[in-house]
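Residue numbers begin at 1 in each chain, while the letters A, B, ... track the order of the sequences. Since this is a predicted model, take the numbers as computed values, not measurements.
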Number of protein chains: 2
Amino acid sequence: MAENTFHKLRDEIENGILKGEFEPGERLDEVQLATHFGVSRTPIREALMQLSAIGLVEIRPRRGAVVVDPGPERVFEMFEVMAELEGMAGALAARRHTNQDRSALLAAHKKCESAATSQDPDSYYYENEAFHLAIYAASHSGFLEEQCAALHRRLRPYRRLQLHVHNRMKTSLKEHGEIVEAILAGDAEAARSLLRIHIAVQGDRFSDLVSNLGKRTRPKSTTA
Amino acid sequence: MAENTFHKLRDEIENGILKGEFEPGERLDEVQLATHFGVSRTPIREALMQLSAIGLVEIRPRRGAVVVDPGPERVFEMFEVMAELEGMAGALAARRHTNQDRSALLAAHKKCESAATSQDPDSYYYENEAFHLAIYAASHSGFLEEQCAALHRRLRPYRRLQLHVHNRMKTSLKEHGEIVEAILAGDAEAARSLLRIHIAVQGDRFSDLVSNLGKRTRPKSTTA
DNA sequence: TCATCCTATCTTGTATACACAGTAGTTGAC
DNA sequence: GTCAACTACTGTGTATACAAGATAGGATGA
C-alpha cells in the first residue's frame, strides 16, 4: 500500500466520473478540486494527467480538463472490442484453467445466482463483475487480464444501466451458466462465441443502451 | 498545434524508451531529465505520470520512475492480444471499407512492395506500419483504431527486431497481399484469420523473438 | 440597438522552494 | 573481519508563487 496522494486522487476522481458525479463534458476546475480534497493543485494535476492518458478526461491546452463524453457510437465500439477481448479470455480460459480457477469460477457463478434469485440488481452488478474478473484471471495472460479489467471498469456505468432493463439479470445468469460449462469442458470456441454474444450490444439491447445513455445525464439535482 | 511542454516531453521520453535510449529497468531521474530538456521538474513529472498510466513506466512511491521491463512472456501476451485485435479490425474492414479505404490499402501495400524489393528493412518497417494503420482506419471503429494503434506503437521495438530475421520481409509482404485480397473481397473471416496468423508469434518466430529480446539490452557502453 | 474592441479577471502552465523518506557510506562494536 | 546502526546526502512529493493566455463583461462607435 503506502500510496501517494495523487494515486488516491486519481482513483477518487475516476470513481467520481464513473459514478456520474462528474457529468460528461463537465469542466474539472483544478482549484475547485484542490480545495475540495484539501490539497494543492500539484497532485490534482498529476491525477488528471493520468486520467487523460487512459482517455477518461481530455486536456485542452490552456483550457483545462473536461470529462470525455464518448457518445453512443463510441460506447458501442467499446462494447464491440470488449466482446472480442472477453471472447479471447474465455477461449484461453477454456484451455488453460486450473483447478483453482475452476473453483473460483463456480463460486463466482453461485454468488451471481444468489443475487439474481434475491432480485437485487446492485448485488448482481457486483457479483457479475467478480465473475468476469475470474474469467480474465483463468486466461492466464497477465496482459489480457489487465486490458480486460481496464475496459470492463470503463464500461461500468453503461453496464449498470443495462441491468435495470427488464429480465436482463435472468438472461445474463443463464448465459453465465453456459459460459462456465463451456470453459470447464475445455471448449474454447464455444466459450469464445458465448462470451461474445453475452457482451455484445445487439438488436434490442442497442436501442436500450442508447435510450439509457440519455437518462445518464441527470436533472442536476443529485450533484451535491 | 500549440501543444504544451509536457505533451512534447511525454512523446520525447516515450520515443526514448521505445527506441531503446532508456533501457528496461533503468531509473528515470527527474532532475536529470529536467536539466537535459532544459525545463523544471514539474512538466517532467506530468509526462511521467502519463507514461505510467499507459504502462510504459512504473512509479514506485518515494523511489522514482523506472522503465517497465515486460519480459518475454508479457511481450508474447501482448502480441497475442494484438493478433486478436488486428483480426477484428481486418474483419470489420472487410465488411465496412469504402472506396477511399480501398485506395489507401492498395497504395500502402504497393509502398511495402517497393521497400521489400529494394531490400530496405528500415523503409519496410515504416511502410508496414502505414499499412497496418490503414487497416485500422478501414475498420471504421474509432475506438478499435485507437486501441490497435496504441498497442502497435508499444510493440514497435520488438517488431523492428523481428524484421531483421532472415526472409521475414518477404514472407510478411506475401501475407499482406493475401490480407488485402481478403479485405477487398469482403471476406471477413478470411481477413481475420490471415491477420491473426500474420501477427501471432508462433513456432520459430517465438524463439527468434526471445533470442532478440536478449540482444535488446545492449552492453552498457552507450549509456552516456 | 447591435457589434466590435479593449480591459480586467480568472485559470492554466511552469518554476521554485521546502519537507520527508530512502539510500548509501562510514564508524563502531562484537 | 564482518555485521549493524547511525548519519549525511540525494531525490521524490507537495505546496506556493509567478507568468501568460483565455474568457467574459463593459464601453464605445456605427
Side-chain angles (χ1 to χ4, degrees), chain A residues 1-17 21-69 217 220 223-224, chain B residues 1-17 21-69 217 220 223-224:
Chain A
M1 292 294 156
E3 284 179 329
N4 284 329
T5 311
F6 62 84
H7 281 131
K8 279 174 278 183
L9 288 173
R10 170 169 56 76
D11 295 346
E12 206 76 48
I13 298 173
E14 183 179 2
N15 279 329
I17 294 173
E21 288 166 18
F22 304 107
E23 291 182 22
E26 183 176 338
R27 183 138 157 269
L28 296 169
D29 189 284
E30 294 177 2
V31 182
Q32 200 174 311
L33 288 168
T35 53
H36 179 260
F37 288 111
V39 296
S40 83
R41 277 176 51 218
T42 309
I44 295 283
R45 279 184 65 84
E46 291 176 348
L48 290 177
M49 290 292 162
Q50 299 214 4
L51 294 179
S52 109
I54 59 174
L56 260 178
V57 307
E58 189 187 343
I59 296 181
R60 294 168 306 176
R62 289 267 169 210
R63 300 184 61 197
V66 296
V67 179
V68 165
D69 182 7
T217 34
K220 279 281 184 184
T223 311
Chain B
M1 285 297 155
E3 283 180 330
N4 284 331
T5 310
F6 63 83
H7 281 130
K8 279 176 277 183
L9 288 173
R10 170 168 56 77
D11 295 346
E12 206 77 49
I13 298 174
E14 182 179 2
N15 279 328
I17 293 173
E21 289 166 18
F22 303 108
E23 293 182 21
E26 183 176 339
R27 182 136 157 273
L28 296 169
D29 190 285
E30 294 178 2
V31 184
Q32 199 174 311
L33 288 169
T35 53
H36 179 260
F37 289 110
V39 295
S40 84
R41 278 176 53 219
T42 308
I44 295 282
R45 279 184 65 83
E46 292 177 347
L48 289 177
M49 290 293 160
Q50 298 215 354
L51 293 179
S52 109
I54 58 174
L56 261 177
V57 308
E58 190 186 341
I59 295 181
R60 294 168 305 175
R62 286 271 167 206
R63 300 184 62 197
V66 295
V67 179
V68 165
D69 183 6
T217 32
K220 280 281 183 188
T223 310

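B/Gly25 and B/Asp69 make their closest contact through N-CB, 4.4 Å (heavy atoms, listed as atom of the first residue, atom of the second, distance). In this structure, A/Leu48 and A/Glu30 approach most closely via the heavy-atom pair CD1-CG, 4.2 Å. For the pair A/Arg41 and A/Ala34, the tightest heavy-atom approach, listed with the atom from each and the gap, is N-CB, 4.1 Å. When all heavy atoms of A/Phe6 and A/Ala47 are compared, the closest pair comes out as O-CB, 3.9 Å. Scanning all heavy atoms of the two residues, the minimum distance from A/Leu51 to A/Arg10 falls at CD2-CG, 3.9 Å.
Between the CG atom of B/Asn4 and the C1' atom of C/dT12 there is a distance of 9 Å, rounded to whole Å. One can place CZ of B/Arg45 at 17 Å from P of C/dA17, the figure rounded to the nearest angstrom.
For the OP1/OP2 pair of C/dT12 and a distance below 4.0 Å, the side-chain nitrogens and oxygens of A/Arg63 include no atom meeting the criterion. When the side-chain nitrogen and oxygen atoms of A/Arg62 are compared with OP1 and OP2 of C/dT11, none of them lie within a distance under 4.0 Å.
Side-chain contact check for B/Thr5 versus B/Phe37: every heavy-atom pair is 4.5 Å or farther apart. Looking only at side-chain heavy atoms (C-beta outward), A/Leu33 and A/Phe22 come within less than 4.5 Å of each other.
With a cutoff of under 4.0 Å to any heavy atom of chain B, the contacted region of DNA chain D is bounded 5' to 3' by D/dG11 to D/dT14.
Residues in residues 57-66 of chain A take part in no side-chain hydrogen bond (donor to acceptor under 3.5 Å, both in side chains) pair, two or more places apart or across chains.
Listed by residue number, B/Val39, B/Ser40, B/Arg41, B/Thr42 are the residues of residues 31-42 of chain B with a heavy-atom contact under 4.0 Å to DNA chain C.
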